[in-house]
Amino acid sequence: MNLGGSIRINKFGFLLIAIVLVVLVYFSSSGKSRNNYALSKNPDEVNLRKLLIGSIQAAQRGGLEIVEVSKNVNYKVHSKGKTKEGANDPVTDADFRSHCVMADGLHRIFPKLKVVSEEDETKQECPDTKLFDLDPTVIHENSNVPDDIVDINDVTVWIDPLDATQEYTENLYHFVTTMVCVAIKGIPTIGVIHNPFTKKTVWGWSGKAISEPLDLIKKEDDVKHPIVIVSRSHSGDVKNIAKEVFGENSNVISAGGAGYKVLQVLHNNATAYLHSTAIKKWDICAGNAILDAVGGKMTNLKNEDISYSYKDSYVNENGLIATATNSIHELYIKKVIERKLLP
């Protein structure tokens with residue numbers, strides 16, 4: 001027996017050991033990065049790419065709650081009262097559950113983030129909320145999304161846990177969306193609209209990137225016969241206004257949900273979204289951001305940009321008009337102003 005002999009490892013053995021060590025280091029470091037994905041060295045800063053990912057996940061997770069509640073035929077429907085137009089303003093268990101997942105989920109990842117939700121005013125507690133960790137795979141691998149760092153004090157996130165609640169109670173699920181909007185210094189910058197029943201999500205980051213389906217849509221600039229989409233439950237006198245502004249040859253269609261109506265404009269199923277009365281900003285911020293990202297436009301009926309600062313009123317009082325291109329917006333807003341629809 002030669003106890004003093006040497007142990008020889010051939011080249012293949014060295015290569016195998018090296019590969020094993022590389023794999024161990026990779027998984028160790030990637031595990032740490034996944035666990036700390038949302039953490040920033042400076043708690044007063046936020047990475048907008050990570051906030052985009054969190055916003056997409058919040059919209060999708062809130063949507064799962066909405067679908068789950070819809071399976072229960074006895075889910076509770078309450079009323080917040082009447083709108084200015086006299087329509088019922090309902091709220092359901094689905095609104096509350098979606099709010100808890102979306103708001104609490106974002107706050108856990110970004111604790112100092114200012115989040116404004118439609119259901120904040122209910123002050124309802126959120127026991128046993130299903131939270132989530134950031135998953136970068138929700139952004140398509142072909143999307144070139146930068147790591148932009150901003151002061152967290154400049155950021156306000158607006159969430160609508162269930163847009164088109166009235167239609168939800170009527171089982172008109174194609175109108176239903178969940179929405180998240182990131183505003184920087186009051187400017188709508190990132191928008192996410194998710195339909196929980198079709199499981200389709202669109203998002204846009206103004207000046208940076210848009211979700212893949214929006215890349216494939218051809219914009220229509222030549223509109224001889226306008227299709228104007230308006231609210232079916234908060235319409236006011238908007239149908240008559242649309243005919244007055246765009247002519248008797250215009251086609252006016254009604255639909256539920258501000259998010260749904262913006263999607264119809266984005267997909268060329270409507271040339272304009274017109275709303276003549278007051279509307280809450282969590283209803284329109286996400287759509288505003290996405291339209292900006294694709295070269296579209298949303299303003300109030302005085303042709304003023306809508307501010308989404310945390311310090312501003314939560315209500316946009318002066319209606320809105322939204323189009324998929326700036327040129328169509330310029331044409332339509334000119335007609336609106338000529339008719340002097342607002343004092």
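This is a predicted model, so every value here is computed, not measured.
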Practice item. Mark yes or no for whether Y168, through its side chain, and I66, through its backbone, hold a donor-acceptor pair below 3.5 Å. Key: yes
**Study point:** Listed partners of L172 passing side chain to side chain contact (heavy atoms under 4.5 Å, CB included), at least two apart
**Key:** E167, E170, H174, F175, R232
**Study point:** Whether Q57 side chain and D135 backbone form a donor-acceptor pair below 3.5 Å
**Key:** yes
Check your understanding: Considering residues at least two apart in sequence or located in another chain, which fulfil the salt bridge (Lys or Arg N to Asp or Glu O under 4.0 Å) criterion with D148?
Key -> K208
Review point. Are the side chain of D95 and the backbone of T92 linked by a donor-acceptor contact shorter than 3.5 Å?
Key: yes
Review point. Sequence neighbours excluded, which residues qualify as side-chain hydrogen bond (donor to acceptor under 3.5 Å, both in side chains) partners of T198?
Key: N195
Exercise for review: Answer yes or no: is there an ion pair linking D160 with K281, defined by an N-O contact shorter than 4.0 Å?
Suggested key: no
Review point. Just checking, is any N or O donor in the side chain of D312 or Y310 under 3.5 Å from an acceptor N or O on the other one?
Key: no
Check your understanding: Is E118 close to K280 at the side-chain level, that is, under 4.5 Å between some pair of heavy atoms?
Key -> no
Exercise for review: Just do the side chain to side chain contact (heavy atoms under 4.5 Å, CB included) check on W282 and I159 with the steps written out, would you?
Suggested key: CA-CA 6 Å; W282 45 70; I159 66 175; over 6 Å; no
Review point. Minimum heavy-atom separation for T178 to G63, with atom names?
Key: CG2-N, 3.9 Å
Review point. Under the salt bridge (Lys or Arg N to Asp or Glu O under 4.0 Å) test, which residues partner K297, sequence neighbours left out?
Key: D305
Practice item. Tell me, please, which residues at least two apart from K130 pass salt bridge (Lys or Arg N to Asp or Glu O under 4.0 Å). Key: E65
**Study point:** Side chains of I321 and T299 in contact at under 4.5 Å (non-hydrogen atoms)
**Key:** yes
Revision key, fill the gap. Tightest non-hydrogen contact, residues M179 and G259, listed as SD-CA, 3.6 Å
**Study point:** Contact check, side chains of L106 and M102, non-hydrogen atoms, under 4.5 Å
**Key:** no
Check your understanding: Got W158 and P188 here, is their nearest side-chain heavy-atom distance under 4.5 Å?
Key -> no
Exercise for review: Kindly write out the residues that satisfy side-chain hydrogen bond (donor to acceptor under 3.5 Å, both in side chains) with N240, not counting sequence neighbours, or none if the list is empty.
Suggested key: D237
Point to revise | Side chain to side chain, I227 and N269, heavy atoms closer than 4.5 Å | key: no
Point to revise | Heavy-atom closest pair, residues R61 and V101 | key: CB-CG1, 3.4 Å
Point to revise | D292 side-chain N/O to G295 backbone N/O, donor-acceptor pair under 3.5 Å | key: no
**Study point:** Taking every non-hydrogen atom, the tightest pair across F110 and L134
**Key:** CZ-CD1, 4.3 Å
Practice item. Verify side chain to side chain contact (heavy atoms under 4.5 Å, CB included) between D283 and I279, making sure each step is shown before the conclusion. Key: CA-CA 7 Å; D283 288 318; I279 188 168; 3.9 Å; yes
Revision key, fill the gap. dist L51:CG -> I184:CD1 (nearest 0.5 Å) comes out at 7.5 Å
**Study point:** Nearest-0.5 Å distance, OG1 of residue T169 to CG of residue N171
**Key:** 8.0 Å
Review point. Is the shortest heavy-atom distance from the side chain of V182 to the side chain of L52 under 4.5 Å?
Key: no
Practice item. Report yes or no: does H107 contribute a side-chain atom to a donor-acceptor pair with the main-chain N or O of L113 at less than 3.5 Å? Key: yes
Exercise for review: Not counting sequence neighbours, which residues clear side-chain hydrogen bond (donor to acceptor under 3.5 Å, both in side chains) with T201? List them please.
Suggested key: Q60, H194
Check your understanding: Can any side-chain N or O of R97 pair as donor or acceptor with the backbone N or O of L64 at less than 3.5 Å?
Key -> no
Point to revise | Shortest non-hydrogen contact between L162 and A94, atoms and distance | key: CD1-CB, 3.6 Å
**Study point:** Listed once per pair and sorted, the side-chain hydrogen bond (donor to acceptor under 3.5 Å, both in side chains) pairs that draw on residues 250-261, sequence neighbours left out
**Key:** K239-S254
**Study point:** Modelled atom types, side-chain donor and acceptor of S327 and T325, under 3.5 Å
**Key:** yes
Point to revise | Shortest non-hydrogen contact between V145 and W205, atoms and distance | key: CG1-CZ3, 3.4 Å
**Study point:** Flag side-chain contact, heavy atom, 4.5 Å: N318 against L301
**Key:** no
Check your understanding: Is there a donor-acceptor pair closer than 3.5 Å between any side-chain N or O of S117 and the backbone N or O of E119?
Key -> yes
Check your understanding: Should F246 and I337 be counted in the same cluster of Ile, Leu, Val, Met, Phe, Trp and Tyr side chains packed under 4.5 Å apart?
Key -> yes
Exercise for review: Please identify each residue that fulfils side-chain hydrogen bond (donor to acceptor under 3.5 Å, both in side chains) with D44, with sequence neighbours left out.
Suggested key: K112
**Study point:** Stepwise salt bridge (Lys or Arg N to Asp or Glu O under 4.0 Å) test for R108 and D133
**Key:** CA-CA 9 Å; R108 186 183 71 84; D133 294 314; 2.6 Å; yes
Review point. Hey, any chance I187 and Y314 share a hydrophobic cluster, counting ILVMFWY side chains that come within less than 4.5 Å of each other, even indirectly?
Key: no
Practice item. Would you give the length of the straight line joining atom CZ of F132 to atom CD1 of I53, rounded to the nearest 0.5 angstrom? Key: 11.5 Å
Check your understanding: Run the side chain to side chain contact (heavy atoms under 4.5 Å, CB included) check on V262 and M298 step by step: do they pass?
Key -> CA-CA 10 Å; V262 168; M298 178 188 290; 4.1 Å; yes
Exercise for review: With sequence neighbours excluded, give me every disulfide (SG to SG under 2.5 Å) pair touching residues 242-281.
Suggested key: none
Practice item. Give a yes or no on whether V138 and V157 share a hydrophobic cluster (residues Ile, Leu, Val, Met, Phe, Trp, Tyr; joining criterion: side-chain heavy atoms under 4.5 Å apart). Key: yes
Review point. Are any non-hydrogen side-chain atoms of T156 and Y308 less than 4.5 angstrom apart?
Key: no
Practice item. Any chance you could measure D93, atom CG, to S98, atom OG, to the nearest 0.5 Å? Key: 12.0 Å
**Study point:** CD1-CG distance between I190 and L48, expressed to the nearest 0.5 angstrom
**Key:** 5.0 Å
Review point. With sequence neighbours left out, what residues match E212 under salt bridge (Lys or Arg N to Asp or Glu O under 4.0 Å)?
Key: none
Practice item. Please list all pairs passing the disulfide (SG to SG under 2.5 Å) test where one or both residues lie in residues 133-215, with sequence neighbours left out. Key: C181-C285
Check your understanding: Given the rule in the side chain to side chain contact (heavy atoms under 4.5 Å, CB included) test, do Y273 and L320 qualify, once you have shown the distances and angles that lead to the verdict?
Key -> CA-CA 8 Å; Y273 165 27; L320 69 86; 3.8 Å; yes
**Study point:** Side chain S211, main chain W203, donor-acceptor under 3.5 Å
**Key:** yes
Check your understanding: Will you find, in the side chains of H275 and S231, an N or O donor that is under 3.5 Å from an N or O acceptor?
Key -> no
Review point. How many angstroms lie between atom CD1 of I284 and atom CD1 of I306, to the nearest 0.5 angstrom?
Key: 4.0 Å
